[in-house]
Amino acid sequence: MDVNGPKRWEPHRSLDLNPRSTPVYKSPLQEPCGVFGNKGTTKMSGVVIDMGTGICKMGFAGQTRPTYIVRNIVGCQPKRRTTMEQPKMEMFIGEAAHARPELTLMHPVRNGIVVDWEAAEFIWRHILENDLRLDTQDHPLLFTDPPFNPASNREKLVEVAFESLHSPAIYVASQSVLSVYANGRVNGLVVDTGHGVSYTVPVFQGYNLPSGIQRMDLAGHYLTKFLAEKILRSSFAVKKEDMDTMENIKQQYCYVALDFQKEQGRPDEKFRRCLKLPDGQMITVGKELFQCPELLFHPPDTSGPSSLGLPSMVEHSLSTVPQELRADMEQNVLLCGGSSLFTGFEGRFKTELLRRLGPEAHVVVVAQANRNLSVWIGGSILASLCAFQTRWVLREQYEEHGPDIVLRKCS
Amino acid sequence: MKRVLVLLLALAFGHALERGRDYEKDKVCQELSTLGKDDFRSLSLILYSRKFPSSTFEQVSQLVKEVVSLTEECCAEGADPNCYDTRTSELSIKSCESDAPFPVHPGTSECCTKEGLERKLCMAALSHQPQEFPAYVEPTNDEICEAFRKDPKGFADQFLFEYSSNYGQAPLPLLVGYTKSYLSMVGSCCTSAKPTVCFLKERLQMKQLLLLTTMSNRVCSQYAAYGKEKSRMSHLIKLAQKVPTANLEDVLPLAEDLTEILSRCCKSTSEDCMARELPEHTLKICGNLSKKNSKFEECCYETTPMGIFMCSYFMPTAEPLQLPAIKLPTSKDLCGQSATQAMDQYTFELSRRTQVPEVFLSKVLDTTLKTLRECCDTQDSVSCFSTQSPLMKRQLTSFIEKGQEMCADYSENTFTEYKKKLAERLRTKMPNASPEELADMVAKHSDFASKCCSINSPPRYCSSQIDAEMRDILQS
């Protein structure tokens, strides 16, 4: 999930030297029922963890938004050897890691899939213990599961949660299903374009229809790189600080053209403008501002097997949905993910989709304002429902059945 | 609730007019008293929306208004003993006026040539063709609440009409149960401080009921269109095409079981008939087929019976088997005591070899086997068979080829790609057609394909469409 659009979330600073008491937790969405737990009086709210490629969102179930939104980065200080001290290892997460150029950076999630479990665990533990200030043994954890996540990854997740974090209970919920839930629905066709990957997933009555899932490894990160190459006119590796600048420009100035060909045909000078960078430098930008997000509609051939754009991916998803269920999907096309926040995206997307599906399709495109957080919000709602409390996978069940319990209970 | 359903069904179908009127009137009045006017009215709205799905909301509303009004008046304390008879006569007279505000039906004018009780019975028997393509579009939650806050009663009536018109083939108790739950959800969620959470919670709770209602509507609609025997054949064909590697003895009991369930439950006034019977049917599906086909095995991992049923119902056809061609049944097969068995065997063997949607295969097989069966009544069935079999074989083959042509490229492409391929084929076939003519033909063919080329295409609509396309072949 990429953070885009006019508002930029303040990433959490991991170093907080001011001790403060843990606030008494009360959830405005919480139903008046006992939440998770069969251990007498130990009844603690769940924590929802949505691990995207670029951002980790974490907070208590029942809240309307995550408490912490952190860059998904772990920074590792190379070991320093001195004659006086033992070898020393320092690790930072999020913005703190990003701000230190001397660190070796690790990205635990690639294209939506966790690839570095140590780094992922480190982030989770740090936020749970140091920021949310809770004992991980007391709170059930709801994790989100991307499409095409290997079963082995889910099992590994269960292991980490129970063995390393000592969680009393967990649940692994589909990201797409949670996005549908965030809209108060159980049916929908989720169009999720985040930081590392874009998906279209049909969801019917709270279940993914797996044959309908379309995926493209082109999303926010790729767009930023494209913008950098265009503006800086360089094919060489771009420096980290320049990438930050490009990310900011993308979020603040890029837009989706309603008519790309028409916009492209206008004179270059009409688009030229000078932007002042934080360091005082001036930079000239032009048509890149709309060419950048255009890639989501017309990706280059290198970005996937058939190089479909998002509207075409939706069409392909629909073609695999049983005829009788298509209306439920067409009436609930849900835009999600940070890369759907570009100005003009919603209008262009709907126009393209209607052109592809034809006038007989009754297409309703829903684009909620907080759609970059829809997965987390759906998880927050789900984990706060009375009816959900019996669905947690308990530690006792894990110890009895092993990690594949998650495949049977979380479907 | 059961008794009310029975009585209102009787009222709707005119039975009340056939039996002792005083007795029936008393029962209706008692139920009006039990239900209360509002629920009685809602139930009437559902009944007449189901009965006349092609009507406008205003037309059905007017009819309901009249029925509720006459019931209220005639059930009131001290009402004239002839009130019921008088008011129903007035209603039928009003229905015969050219500007009657009630649902329109082509049979009305003939009913109006009759008089008295005969006219009332004739009117009561009128109904519209059911909707085979539900067109109900649920508004977004925001739209729902906006409409509800503006006019709660109007919203409820509009919903009952739209939903019952579109899903009218579902068993009545299910339809009543679901619509009641839905309106309850709207009432509580639109006044909730957190509507999104409320809607999700309610929808998750209603999930099984919704699925049961919509799936029942589908299968009962097909059952109503086909009748019992053709319904059985239809299910046999579908199963053979989904699991061509299974044996007849694996799939035939399933087809028969489902047909029996539908014959019992589609018109049942019991609230839980479908809810009891379908889960048992899914057990049989899993018992017979999960070892025959990995896709069915996956279906049987679903956590709920309704999930298993839906998974198997929506499963696409498999690649047909490459097997030696089969021969039509002989007079010995069809004229003896094992005729049904022979027809089942032939249906099964043809289906597992043939890639053409079920609505095509059901149609041509019914015609073929019926024609051959008629030979059994002739003096010399053997010579009749030797004359008719080649004709039927030729007709069958060309019908299937035409069906395959009509549906070519549809299931393996997106709709856009399908239309491109279709346009190319039509351009090749008719090089002199103008671009406008070509565009019209593409639109016509693709509309047909989207409605009639899938495994669960609606039989009533598609049968008439296929007739129109196949007229030459059927007459040859």
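Chain letters run A, B, ... following the sequence lines, proteins first, then strands; residues in each count from 1.
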Using non-hydrogen atoms and a 4.5 Å limit, figure out which bit of B:M315 sits close to chain A: side chain, backbone, both or neither.
neither
Sub-4.5 Å side-chain heavy-atom contact between A:L385 and B:V197:
yes
To check you understand the geometry: which heavy-atom pair defines the closest contact between B:T196 and A:Y181, and what is its length?
CG2-O, 4.3 Å
Can you tell me if NZ on B:K207 sees more than 12 non-hydrogen neighbours from other groups inside 6.0 Å?
yes
Between B:Y136 and chain A, with a heavy-atom cut-off of 4.5 Å, which part of the residue counts as in contact: side chain, backbone, both or neither?
backbone
Region of A:D328 in contact with chain B, defined by heavy-atom distances below 4.5 Å
neither
For residues A:G184 and B:F199, report the shortest heavy-atom separation together with the two atoms involved.
O-CB, 3.7 Å
At under 4.5 Å between heavy atoms, what parts of residues 443-456 of chain B are in contact with chain A? List them by residue number.
B:S450, B:S454, B:N456
The reported gap from CD1 in A:I381 to NZ in B:K194 (rounded to nearest 0.5 angstrom) is 9.5 Å
With side chains defined as the heavy atoms from C-beta onward, is the minimum distance between B:N141 and A:R185 less than 4.5 Å?
yes
Please flag which part of A:Q331 lies under 4.5 Å from any non-hydrogen atom of chain B: side chain, backbone, both or neither.
side chain
Toward chain B, the part of A:F388 with a non-hydrogen atom under 4.5 Å:
neither
Most chain B-contacting option - heavy-atom pairs closer than 4.5 Å, from A:S312, A:S211, A:P322:
A:P322
If one checks every heavy atom of B:E138 against chain A at 4.5 Å, the contacting part turns out to be both
CG/A:L308 to OG1/B:T414 distance, rounded to the nearest 0.5 angstrom?
9.0 Å
Which bit of B:P139 comes within less than 4.5 Å of chain A, counting heavy atoms only: side chain, backbone, both or neither?
backbone
Closest heavy-atom contact between A:S319 and B:N413?
CB-O, 4.2 Å
Of the backbone (N, CA, C, O) and the side chain (C-beta and beyond), which part of B:T214 lies under 4.5 Å from a heavy atom of chain A, both, or neither?
neither
d(B:Q208 CD, A:Q205 CD) to nearest 0.5 Å is 8.5 Å
About how many Å separate CG of A:N183 and OG1 of B:T140, when rounded to the nearest 0.5 Å?
9.5 Å
